[in-house]
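Each chain gets a letter, A, B and so on, in the order the sequences are listed, and its residues count up from 1.
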Amino acid sequence: MVRIHDTLLGRDVELEPRVPGRVSIYVCGPTVYEVPHVGHGRTALVYDVIRRYLEWRGFAVAYVSNVTNVDDRIIARAAAEGATEQEISARYEATYWAELERLGVRRPDDVPHATEFIEPMVDLIAQLVASGHAYVIEGEGVYFAVDSYGGYGELSHRRLGDLLDSAGSRVDVDERKRSPVDFALWKAAKPGEPDWDSPWGRGRPGWHIECSAMSLELLGEGFDIHGGGDDLVFPHHENERAQAEAAGHEFARHWIHSGMVMIGGEKMSKSLGNFTTLGEAIDAHGDRAFRLAVLQVHYRSQMELGDTELRAAAEAVGRLDALVRRTVAAGIAVTGVPVADDVADRFRAAMDDDFGTPGGVGVVFDTVRRANSAIDAGDEPGAARLVATVVELAGALGLEVGAGETVAERDAEIDAMVAERDAARATKDFAAADRLRDELTARGITLEDTPRGTVWHR
RNA sequence: GGUGGCGUAGCCGAGUGGCUCAGGCAAGGGUCUGCAAAACCCUCGACGUGGGUUCGAUUCCCACCGCCACCUCCA
C-alpha cells in the first residue's frame, strides 16, 4: 500500500483512491511569462515521478496539470514588449514544454489553459454569488467572502484571526472588501487588458478560481490528489479549496506539496532574480543528472540544485552507464531476465513510504555495486538478474540506463583506431597504442579494455 | 508575531530505540591492467547544544541555539 503525506492532515495516510485502482491527480503548473528555471523543472519532475511510480505500481493514473495564461505578469510583459498576451504566453509555454521534454517529463494527460475554461469558472462564481459566499463590488469585481466558509485556514494550518491580524501589513487592502482576507474571483475589465463576458460585466477571472474550475471539470468531484509547489499552499490552494467546497463541491481528497529549490540558502524565484534557467542546467549537466539530483532528495524537502549537486549526480549517472557497458562487454544478455524480487521489494518499500525516492535511488545504486561484483566474479546469471533489476527500477523512476550514444553507437573511424590500437597492443607496441589512445582521448573518447575486447564511449 | 519544516560524517542526503551496512560525490590505500579506464575491496569520518525518559537514544520528550519557507505574486 502506498502512503502519502497529506498537507491538510499534516500526516501520512494510506492512498485510497476514489475509484479503486485509479488515481486522479491535478498539479498546478506555471504562469508562463518567462523561461522556466530549475525550480520549475524540479516540481514537474517530482510529479512526473509520482505519476510514473503509481503507474508502475499498477494504478491507472489520470494526470492533469494546468498552464496559467492570463495573469497580471503576462499582461505586464505583453505591454512591455508591445506583444499580445497570447504571444507572450504561447512563447513561454512552448519553452516550458520543450525543456520538460528534454528532461523526459511525460506530457500530462490533459493541459488545461485558463482561457479555455472561462465558462466553468463563471458558472462556479455564479454559484458562489447565489449562495452568498461571494459578493460584487461595482467596478471592481466579485469577491469571495472568506467568513462564509468555515473551513478556511485548515489546509495551510492558519487561524482566520491570525490571518486578519497580518492582513494589510504587507499589502494594501481595498477597504470596500468586507474583510481584508477576501480575494477576487472575477476582476472587472481594465482598458487594454484581455476580458470576457460575465454576469458581472466584462472582466477576467482571478487566479485561484481557474484551478478549482478546471480540476473539477476534468477530474470530477472528489478527485484524488491535488499537488503543487509548497509555496502555493497559501493562499492559492487554501483559496481554491474554499471556493470549491463553499460552492458545494467535494474537492481534492489529498493534498501534496513539493519543496522549493534553494540557491545559496535562499529560495530560487523569478522575483528575486536568483535563478538558473532550466535549459542552462540541462545543457551543462545533462537531463539524467538533473533527474537523479532531484530524486536524491525527498520531494517535500527544500534542496540546493546547483552545479555542485548536478556534477555529483552526473558522475553517478556515469556509473549506471558503465554497468551496462561492462555487461555488454562481458557478453551477458539481460533482455527478458526477471528482476530480483528481494531488491524490488526493498525499492517498493522505500517508494511506498511517501514516494521515498532517495531510498529508492539508494536501492538502485546498491544493486549497481552488487551487479558489478557479480560480473567480476563471473556469475553471469546473477549479474544478468541484477542488471535487469537496475534497468527496471531506474526505469520506474524515469531514469534510462545506458541510453543512446553512450553504449553501442557505431563509428567506423573510431572503431578502426581502436582496432589499430589493439593490434599494437598485441605486438606489445605500447608507445603506438598509447598514442592512439591519446588521440581518442583528445576527441572525447574513453577506452575500456575488457577481457572480451576494448569498448569505448564518449 | 503566527504556521510548517530543518540542523546526520569534507560535501549532498536517507534512515532507525540496540543489529555489519543507506546511497551519491570527494579523499587516501589496495586488487585488476603493459599503463590507463571501468570495477571491486579497505580506510577516513555522523547524528546542533543542554537536560530528561530508558538497561540502552542519532532515533522518544522538554528547553535552548541556529537556519529556511509561507503569512504579497511565486513551482
Side-chain angles (χ1 to χ4, degrees), chain A residues 7 10 27-31 36-47 65 68 71-73 153 156-159 161-163 165-172 181 207 227-236 238 257-262 265-272 292-293 295-298 300-305 308-309 311-319 321-323 325-326 329 346 350 353 356-377 425 428-430 433-434 437-438 441 446-451 454-457:
Chain A
T7 307
V27 173
C28 285
T31 300
H37 63 228
V38 296
H40 298 105
R42 181 197 185 190
T43 301
L45 200 43
V46 158
Y47 290 103
S65 189
T68 298
D71 162 272
D72 292 346
R73 291 158 300 171
S156 55
H157 305 281
R158 282 149 219 256
R159 279 186 294 272
D162 294 337
L163 290 168
D165 289 344
S166 60
S169 63
R170 294 175 68 180
V171 77
D172 289 336
V181 293
W207 175 36
D230 69 11
D231 55 346
L232 299 182
V233 175
F234 189 90
H236 186 53
E238 191 72 68
H257 291 92
S258 54
M260 295 291 105
V261 168
M262 313 296 283
E266 274 202 312
K267 178 180 164 184
M268 177 180 288
S269 72
K270 290 174 190 168
S271 47
L272 285 175
L292 182 61
L295 294 179
Q296 283 180 312
V297 179
H298 187 90
R300 286 195 287 122
S301 302
Q302 298 174 167
M303 75 177 293
E304 292 280 335
L305 189 49
T308 310
E309 291 75 18
R311 235 192 309 270
E315 289 297 326
V317 166
R319 275 171 66 73
D321 292 345
L323 173 64
R325 281 198 308 275
R326 299 186 86 220
R346 281 203 296 145
D353 182 8
T357 57
V361 169
V363 171
V364 170
F365 278 92
D366 189 45
T367 309
V368 168
R369 198 202 72 249
R370 290 173 57 199
N372 274 311
S373 294
I375 293 172
D376 288 343
R425 290 174 67 221
K428 302 233 187 288
D429 182 359
F430 296 121
D434 289 350
R437 185 169 61 194
D438 289 345
T441 302
T446 304
L447 299 184
E448 291 172 13
D449 296 329
T450 82
T454 301
V455 296
W456 60 268
H457 68 98

query: Closest heavy-atom contact between A:A293 and A:E309?
result: CB-O, 4.3 Å
message: Determine whether a donor-acceptor pair (one donor, one acceptor, N or O, separation below 3.5 Å) exists between the side chain of A:D449 and the base of B:rC35.
response: yes
- request: Using the C1' atoms only, state how far B:rG5 lies from B:rG45, rounded to an integer number of Å.
  value: 28 Å
field: Nucleotide of B:rA38, B:rA69, B:rG13 approaching A:D230 most closely (side-chain heavy atoms)
entry: B:rA69
query: Does A:D376 have any side-chain contact (heavy atoms from CB on, under 4.5 Å) partners at least two apart in sequence or in another chain, and if so, which?
result: A:R326
query: Base, sugar-phosphate alone, or nothing: which one does A:L292 contact when heavy atoms must sit under 4.0 Å apart?
result: nothing
- line: Partner of B:rC19 under the Watson-Crick or G-U wobble criteria, both distances under 3.5 Å, comes out as none
task: Answer with base, sugar-phosphate or nothing: what part of the nucleic acid does A:H298 contact at a heavy-atom distance below 4.0 Å?
output: sugar-phosphate
task: Give a yes or no on whether a donor-acceptor pair under 3.5 Å exists between the nucleobase atoms of B:rG2, that is its base, and the side chain of A:D165.
output: no
query: Looking only at atom P, what distance separates B:rG13 and B:rC6, rounded to whole Å?
result: 13 Å
- request: Looking at every strand, decide which applies to A:S301 at a 4.0 Å heavy-atom threshold: base, sugar-phosphate, or nothing.
  value: sugar-phosphate
message: Tell me the closest heavy-atom pair linking A:A371 and A:L323, and the distance in Å.
response: CB-CD1, 3.8 Å
message: Considering every strand and a 4.0 Å limit on heavy-atom distances, what is the contact class for A:R319: base, sugar-phosphate, or nothing?
response: sugar-phosphate
task: Rounded to whole angstrom, note down the C1' distance from B:rA36 over to B:rG23.
output: 28 Å
task: Looking at every strand, decide which applies to A:G39 at a 4.0 Å heavy-atom threshold: base, sugar-phosphate, or nothing.
output: base
Opposite nucleotide pairing with B:rA63, Watson-Crick or G-U, both atom distances under 3.5 Å: B:rU49
task: Using a heavy-atom cut-off of under 4.0 Å over every strand shown, decide if A:V297 touches base, sugar-phosphate, or nothing.
output: sugar-phosphate
query: Quick one: is A:R369 getting a side-chain N or O under 4.0 Å of the B:rC41 phosphate, OP1 or OP2?
result: yes
statement: The nucleotide from B:rA22, B:rA75, B:rC25 with an atom nearest the side chain of A:P30 is B:rA75
- prompt: On a whole-Å scale, what distance lies between the C1' atoms belonging to B:rG24 and B:rG30?
  reply: 22 Å
message: Taking any heavy-atom pair under 4.0 Å as a contact, classify A:R73: base, sugar-phosphate, or nothing.
response: sugar-phosphate
message: Is it the case that B:rC25 (base atoms only) and A:R311 (side chain only) share a donor and an acceptor within less than 3.5 Å, ignoring hydrogens and angles?
response: no
- prompt: Closest to the A:F234 side chain: B:rA38, B:rA69, B:rC71?
  reply: B:rC71
message: Could you identify the nucleotide paired to B:rA27, looking across every strand shown and requiring Watson-Crick or G-U wobble geometry with both distances under 3.5 Å?
response: B:rU43
query: Where the side chain of A:E315 is defined as all heavy atoms beyond and including C-beta, which of B:rA14, B:rG24, B:rA26 is the nearest nucleotide?
result: B:rA26
query: What is the nucleic acid contact for A:T308, judged by heavy atoms within less than 4.0 Å: base, sugar-phosphate only, or nothing?
result: nothing
message: Over all strands shown, is A:M268 touching base, sugar-phosphate only, or nothing at heavy-atom distances under 4.0 angstrom?
response: base
- request: Could you measure between the two P atoms, the one in B:rU58 and the one in B:rG2, and give it in whole Å?
  value: 31 Å
- prompt: A:V261 near the nucleic acid: base, sugar-phosphate alone, or nothing, with a heavy-atom cut-off under 4.0 Å?
  reply: base
- prompt: Heavy-atom distance under 4.5 Å between the side chains of A:R42 and A:V297, does that happen here?
  reply: yes
query: Across all strands, who's sitting opposite B:rC70 as a Watson-Crick or G-U wobble pair, both distances under 3.5 Å?
result: B:rG2
task: Look at all strands and tell whether A:G41 reaches a base, only sugar-phosphate, or nothing, counting heavy atoms closer than 4.0 Å.
output: nothing
- prompt: Does the side-chain ring of A:F430 lie flat on the base of B:rG34, meaning centres under 5.5 Å and planes less than 30 degrees apart?
  reply: yes
message: Measuring only the C1' atom in each nucleotide, how far is B:rA26 from B:rA9? A whole number of Å is fine.
response: 13 Å
message: To check you understand the geometry: which heavy-atom pair defines the closest contact between A:A313 and A:Q296, and what is its length?
response: CB-OE1, 4.4 Å
message: Need one value for A:P235: base, sugar-phosphate or nothing, where a base atom within 4.0 Å counts as base even if backbone is also close, heavy atoms only.
response: sugar-phosphate
query: Base, sugar-phosphate, or nothing: which does A:D434 touch, judged by heavy atoms less than 4.0 Å apart?
result: base
- request: Measure from the side-chain heavy atoms of A:N372 and tell me the nearest of B:rC25, B:rA14, B:rA39.
  value: B:rA39
- request: Rounded to whole angstrom, note down the P distance from B:rG50 over to B:rU59.
  value: 12 Å
Atom C1', compared across B:rU8 and B:rG66: separation rounded to whole Å: 16 Å
message: Using the side-chain heavy atoms of A:R158, tell me which of these nucleotides is nearest: B:rA69, B:rA37, B:rC71.
response: B:rC71
task: Identify which nucleotide among B:rC12, B:rC40, B:rA69 has an atom closest to any side-chain atom of A:S373, counting heavy atoms from C-beta outward.
output: B:rC40
- prompt: Which part of the nucleic acid, if any, lies within reach of A:K267 when heavy atoms closer than 4.0 Å are counted: base, sugar-phosphate only, or nothing?
  reply: base
